[in-house]
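Scroll down for the structure; my scribbles are underneath it.
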Amino acid sequence: MIAIVDYGVGNIFSVKRALNYIGEDGLLTGDPRDLEAADKIILPGVGAFGDAARKLEASGLRDVIIEQAGAGKPLLGICLGMQLLFTESLEYGVHAGLDLIPGRVVDMSSIIVDKTLKIPQIGWNGLDLPEGRRGEAKHPLFKYTEEGECVYFVHSFCAVDCGESVIATCDYSAPITAAVARGNVMGTQFHPEKSGNTGMGILKAFCEM
């Protein structure tokens, strides 16, 4: 069973529908016992980092997620859910994340070169898969994904100082962290559930881990 964390933030129903589409069951839950019983966990999220972090703490799920990730259970953060995996965010203040992956979340405007580009980045962008490009085995999350395939982004902030964990980037006049992984903990800045067949392939790969 795949637990989709319901903590009052994010479009959780679209994630459940995507899982159903690929033949997987997803349980929308805010019950710590469900996360403990699940085979895998998906942490979605849309909105502001600080608000999401507070709601995750208030729900009693923060420590459970950390414990389950530490025990080796596959965990996938999506969009803001990915950002919550990092050490901290500088989104309108300094906010502590789950610290499951070293790194920080910063305003995209501070790193892009072309200042005429709109922020947030909204729309489709191609994936750069550095491992596959170097001839190495791609990360298992991209088992069904090819270099350059497009996925759907909606975000104003992005992860930095996480180079060792980056498994995909996209170009927005600078390399933007698109996906990360550290052992059993993974995250996508884009929305696989909104990314057509490419996104379904990424979710399928996660479910097969």
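Along the sequence shown, residues are numbered consecutively beginning with 1. Keep in mind it's a predicted model, so treat the numbers as computed, not measured.
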Please name all residues satisfying side chain to side chain contact (heavy atoms under 4.5 Å, CB included) with [X], sequence neighbours left out, ordered by chain then number.
X	result
Val46	His191
Ser109	Asp107, Ile119
Pro140	Met209
Ser89	Phe49, Glu91, Val105

Next on the checklist: Given Phe190, which partner from the list Trp124, Tyr172, Phe153, Tyr152 fulfils the ring-ring contact (aromatic ring centres under 6.0 Å, His included) test?
Outcome noted: Phe153
Checklist entry - So Glu193 and Arg17, side chain to side chain contact (heavy atoms under 4.5 Å, CB included) or not? Walk me through it. => result CA-CA 8 Å; Glu193 77 280 8; Arg17 286 194 296 268; over 6 Å; no
Is any side-chain heavy atom of [Y] closer than 4.5 Å to one of [X]?
X	Y	answer
Cys170	Gln189	no
Leu76	Ile78	yes
His155	Ile176	yes
Asp25	Leu19	no
Ile202	Phe142	yes
Leu56	Leu98	yes

Item to check | Criterion side-chain contact (heavy atoms from CB on, under 4.5 Å) against Lys16, the qualifying member of Ile4, Ile42, Leu27, Ile2 | outcome: Ile4
Could you tell me which residues satisfy salt bridge (Lys or Arg N to Asp or Glu O under 4.0 Å) with [X], sequence neighbours excluded, listed by chain and number?
X	result
Asp51	Lys55
Glu57	Arg62
Asp31	Arg33
Glu36	none

Qualifying salt bridge (Lys or Arg N to Asp or Glu O under 4.0 Å) pairs, either residue in [range], two or more places apart:
range	value
residues 152-161	Arg104-Asp161
residues 194-209	Lys143-Glu208
residues 178-189	none

Next on the checklist: Show every ring pair (Phe, Tyr, Trp, His ring centres under 6.0 Å) that has at least one partner inside residues 88-107, sequence neighbours left out.
Outcome noted: Tyr92-Phe157
Item to check | Lys115 NZ: over 12 foreign heavy atoms closer than 6.0 Å | outcome: yes
Checklist entry - Would Glu24 and Asn20 count as having a side-chain donor-acceptor pair, cut-off 3.5 Å? => result no
Checklist entry - Is a side-chain donor-acceptor pair under 3.5 Å present for Thr29 with Asp34? => result yes
Checklist entry - Is the side chain of Lys73 donor-acceptor paired with the backbone N or O of Leu35 at a distance under 3.5 Å, no angle test? => result yes
Item to check | Asn184 side-chain N/O to Leu75 backbone N/O, donor-acceptor pair under 3.5 Å | outcome: no
